[in-house]
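Worksheet: the structure to be examined is printed underneath.
Numbering of ligands and ligand atoms starts at 1, following listing order. For this chain, numbers begin at 1 and follow the sequence in order. In this text the structure is predicted, and so the values were computed from the model without any measurement.
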Amino acid sequence: MQKSWYKEMAVYQVWPRSFCDGNGDGIGDLKGVLGKLDYIKSLGVDAIWFSPLYKSPQKDYGYDIADYRSIQPEYGTMEDFKAVLDGAHERGLRVIMDLVVNHTSDQHEWFLKGIEDPTSKYHSYYHWYKGKGKRRPNNWMSTFAGPAWEYNEKNDEYYLHLFAVEQPDLNMDNPEVRREVKDIMKFWLDMGVDGFREDVITFISKKEGLPSSPYWFPVATGIENYMHGPHLDEYLLEFKNDVLSKYDCMTVGEAPMMTTKKALKHITEGPNQHLNMMFHFEHMAADCLFYSWFKTKFSLKRLKKVFTRWQNDLYGKAWNALYMENHDQPRVINRYGSLKYRVESAKMLAVTYICQSGTPFIYQGQEIGMVNYPFTSIDQYTDVSTVNNYGVAKSLLGAEKALNLANYASRDNARTCVQWNAEKNAGFTTADEPWFWVNPNYTEINVEAAEKDPNSILNFYRKLLKFRKENEIVIYGDYKEHLKRSKDLYVYERNYEGQRLLVICSYTEKPVQFTAPAGFDLTKGECVLSNYDDTSVCTNGFTTKPYETRVYLFK
Ligand code: GLC
Ligand code: CA
């Protein structure tokens with residue numbers, strides 16, 4: 001397995017609107033980020049991934065881009081961005097941009113020009129089709145619920161939008177569109193950015209003729225026609241050969257419904273590799289079917305199976321992208337951990353994924369154990385997918401159940417303001433009102449309080465990332481799972497150049513008797529990480545405390 005900087009780094013994700021407000025208007029911005037670069041660096045990460053900073057009507061908070069080459073005025077100017085880029089680089093932090101090219105905003109000039117003049121080249125930048133009489137061109141449904149087609153009266157035709165109505169899909173089969181994408185990549189790489197997180201990149205190629213689906217689903221009907229489309233390989237290779245390979249940069253592609261088998265076609269190392277890594281979603285479905293709106297009971301066995309499959313199938317061939325939170329996922333403590341044992345479970349969840357083989361991503365607020373917001377009404381939500389999915393859920397389950405589901409599943413849970421201190425608005429802004437909610441638990445859960453507490457989640461993340469950085473076994477070691485049948489414990493070992501690491505994570509508050517697997521003598525290993533002070537061992541094992549985690553290193 002080849003060594004590389006992108007494999008060794010850890011990444012911190014910033015969702016700019018809620019990170020830190022630098023100019024007191026209630027909205028997070030680049031000035032706010034600039035003031036927090038030292039903080040980000042102090043975590044022990046090596047890169048920042050910015051969710052979209054580009055000019056956007058914010059219908060999907062930046063994932064609807066109106067201009068790929070300018071900064072959203074609410075966030076600052078291009079000069080502000082360059083100051084952040086330089087400031088990050090001076091501190092040894094790389095900068096990864098979000099590349100959103102499956103769709104644009106309906107306010108992008110390409111889209112507007114194509115409507116204005118349907119004979120212009122911009123018309124064919126999108127998927128415009130006549131209806132079948134009054135019927136839409138096919139039966140596809142948007143990922144955000146509702147039909148995937150919107151009617152345009154002026155030209156009497158429909159356009160495709162796999163996401164919000166205001167996010168028309170680009171027609172990637174058009175070579176002009178691919179040229180534009182490559183120009184956008186070059187623009188940012190020439191400025192000095194270090195790579196891209198490529199938004200729903202596995203959706204860019206649609207099956208020819210856009211056939212209707214025989215399967216009905218409340219959202220995303222038709223997904224089998226584009227989730228891994230016919231020309232995906234070709235287009236990704238074109239981007240790589242024409243642009244990416246000419247820079248020292250990295251890519252991580254967002255890939256819903258991805259399996260290891262399909263992923264390996266794109267990320268297997270070698271000349272035909274398309275992307276460095278992929279964000280799959282399988283491990284985010286241990287408490288749901290596909291995604292959190294189809295809630296089920298949490299199953300550790302399901303989670304472990306996915307982790308182990310990705311670790312084993314990729315090892316030595318391709319590289320994993322590791323995450324448990326991002327701007328699309330409710331807070332993981334609410335899902336896989338415990339509110340009662342918030343601190344303990346947050347640390348255990350950090351160990352669970354950061355000690356695996358791959359590049360770890362940490363989402364803003366995760367490092368202090370932020371949790372879901374106590375929403376009490378649908379009016380408090382702002383995310384388009386939440387509002388739409390709630391509508392579907394309400395019609396199927398009734399208002400009360402739909403709201404409970406939204407509280408559990410909504411992306412808005414991840415988008416509340418970062419809690420910096422115990423002062424007004426959690427120190428996120430000096431404005432009277434921040435643009436979005438601040439969790440009332442900020443008086444206790446905030447960065448300042450965590451800084452002062454040596455046992456905080458924050459300081460645990462620092463220790464864990466430092467350990468990873470200083471021990472190649474965590475980065476390059478192999479992986480072997482133990483106690484596969486346990487419903488409560490997740491245990492795995494890593495091996496590298498004669499060293500061994502044993503990782504033990506309890507997913508329950510109940511005491512569980514753990515005995516080390518054959519070949520491990522716990523008294524001979526060093527307990528390098530743990531979330532309780534007491535790490536005593538009895539007959540080569542111990543009885544777990546609630547959500548206990550221990551990591552043993554054997555040299
Ligand atoms: C990705 C983004 C999400 C966005 C969607 C459409 O899943 O992470 O936030 O809404 O794509 O761009
Ligand atoms: Ca601001």
Are [X] and [Y] linked by a side-chain donor-acceptor pair shorter than 3.5 Å?
X    : Y    : result
D383 : Y61  : no
S212 : N138 : no
Y68  : T104 : no
H327 : Q13  : yes
Y125 : E180 : yes

Margin query: Between Y159 and H127, is the ring-ring contact (aromatic ring centres under 6.0 Å, His included) condition met? List the steps.
Written below: CA-CA 5 Å; Y159 67 86; H127 297 277; over 10 Å; no

Look at ligand 1 and say whether [X] reaches it with a heavy atom at a distance under 4.0 Å.
X    : value
R197 : yes
Y61  : no
R415 : yes

Cation-pi, [Y] ring and [X] (6.0 angstrom, 45 degrees):
X    : Y    : value
R94  : W5   : yes
R69  : F187 : yes
K206 : W140 : no

Which ligand 1 atoms are under 4.0 Å away from a heavy-atom of [X]?
X    : result
R411 : 3 (C), 4 (C), 9 (O), 10 (O)
H103 : 6 (C), 12 (O)
F144 : 10 (O)

In terms of residue, atom name and distance, what is the protein heavy atom nearest to [atom]?
atom                   : result
atom 4 (C) of ligand 1 : D60 OD2, 3.3 Å
atom 8 (O) of ligand 1 : D328 OD2, 2.4 Å
atom 7 (O) of ligand 1 : E254 OE2, 2.8 Å

Could you pull out the atom name of the N/O/S atom in [X] that is nearest the Ca ion (ligand 2)?
X   : result
D21 : OD1
D25 : OD1
D29 : OD2

Checklist line | Under-4.0 Å heavy-atom contact with ligand 1, by part of W15 that carries it | finding: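 It is neither; nothing of W15 touches ligand 1.
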
If I take every N, O or S atom of [X], is at least one of them less than 3.0 Å from the Ca ion (ligand 2)?
X   : result
I27 : yes
N23 : yes
E74 : no

Notebook entry, point to check: For atom 1 (C) of ligand 1, which candidate among V101, L162, T143, D199 provides the closest heavy atom?
Noted result: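 Residue with the shortest heavy-atom distance to the ligand atom: D199.
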
Next item on the list: Answer yes or no: is there an ion pair linking K59 with D64, defined by an N-O contact shorter than 4.0 Å?
Entry: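 So K59 does not pair with D64 through a salt bridge.
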
Checklist line | Sidechain N-carboxylate O distance under 4.0 Å for D86, K82 | finding: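 Answer for the salt bridge query: no.
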
